[in-house]
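Everything below concerns the one structure shown next.
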Amino acid sequence: MGARFVGYDAETHTAEMAFDLPESFANMRGTVQGGLLAGPLDEAMGAAVFLSSGGKLQLSLDINLSLLRPVPLGRVTVNARAVKPGRRVTFVEGELYDAAGKLCARATATTMTTEWPETAKGEGDG
């Protein structure tokens, strides 16, 4: 997806990421296929949860996506905010903007923080 981390505001639990959406994301109209916009939103929302939780991984339990206007191919920016960071469950939201700064999509999600997986055991280890 060509993700690039732009910044994080610890006071508001807001992460900003930029994405370069490839031509393979195009629909027959030549704009980004709507379902593929969930990827950048999920990635940025995950970053907001990761940073607001002190570095825990997250699993998205649900994502609600609202498509507000067609998204041209190329650079988009997502601002994601951990609305209510919790010990285990975090509510998060994201907004996706096109290169002209127009709001094109919104998403909300519920995530569950998890610990990092243990180091993988060697083959044959029980």
Side-chain angles (χ1 to χ4, degrees):
M1 285 185 288
R4 185 174 57 86
F5 182 77
V6 176
Y8 178 69
D9 181 334
E11 188 174 320
T12 62
H13 305 290
T14 302
E16 182 176 351
M17 296 182 74
F19 298 85
D20 294 312
L21 303 180
E23 287 186 26
S24 62
F25 279 27
N27 59 24
M28 294 188 317
R29 289 188 178 100
T31 57
V32 179
Q33 195 277 337
L36 294 175
L37 295 173
L41 282 155
D42 189 38
E43 185 73 15
M45 290 188 297
V49 174
F50 176 82
L51 293 165
S52 70
S53 70
K56 291 188 177 182
L57 295 177
Q58 60 87 29
L59 295 171
S60 296
L61 300 176
D62 66 37
I63 297 175
N64 180 23
L65 176 64
S66 297
L67 305 170
L68 307 174
R69 69 179 51 196
V71 178
L73 293 169
R75 169 89 24 119
V76 297
T77 302
V78 177
N79 292 320
R81 181 172 71 95
V83 175
K84 186 174 183 317
R87 189 171 48 94
R88 201 65 180 135
V89 173
T90 298
F91 297 96
V92 63
E93 64 187 10
E95 294 182 331
L96 184 142
Y97 298 87
D98 65 14
K102 293 180 182 174
L103 178 62
C104 297
R106 293 192 80 246
T108 58
T110 306
T111 67
M112 180 176 70
T113 56
T114 64
E115 298 297 331
W116 285 83
E118 293 182 34
T119 304
K121 294 182 179 182
E123 192 172 332
D125 292 346

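Basis for what follows: all heavy atoms, side chains included, without hydrogens, waters or symmetry-related copies.
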Is [Y] close to [X] at the side-chain level, that is, under 4.5 Å between some pair of heavy atoms?
X    : Y    : value
L96  : V78  : yes
L59  : T111 : no
P117 : L57  : yes
L68  : C104 : no
N27  : L36  : no

Is the ring pair F50/W116 parallel, tilted or perpendicular, if the boundaries are 30 and 60 degrees?
perpendicular
Determine the minimum heavy-atom distance between [X] and [Y], stating which atoms define it.
X    : Y    : result
A48  : H13  : CB-O, 3.9 Å
A18  : V6   : N-CG2, 3.8 Å
A105 : L103 : O-CD1, 3.6 Å
M45  : E93  : SD-C, 3.8 Å
E23  : L73  : CA-CD1, 4.0 Å
T31  : P70  : CG2-CB, 4.0 Å

Gap separating the [atom1] atom of [X] from the [atom2] atom of [Y], nearest 0.5 angstrom:
X    : Y   : atom1 : atom2 : value
D42  : Q58 : CG    : CD    : 6.0 Å
T77  : M17 : OG1   : CE    : 11.0 Å
R106 : L67 : CZ    : CG    : 12.5 Å
R87  : S53 : CZ    : OG    : 13.0 Å
R75  : F19 : CZ    : CZ    : 10.5 Å

Is Y97 atom OH crowded by more than 12 heavy atoms from other residues, nucleotides or ligands, each under 6.0 Å away?
yes
When clusters are formed by joining ILVMFWY residues with side-chain heavy atoms under 4.5 Å apart, either directly or through shared neighbours, do F25 and L65 land in the same one?
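As far as the 4.5 Å side-chain criterion goes, L65 and F25 are connected within one cluster.
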Is I63 reachable from V89 through a run of I, L, V, M, F, W or Y residues, each pair having side-chain heavy atoms under 4.5 Å apart?
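Shared cluster, no.
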I'd like to know if the side chain of D98 and the backbone of V71 have a donor-acceptor N/O pair within less than 3.5 Å.
no
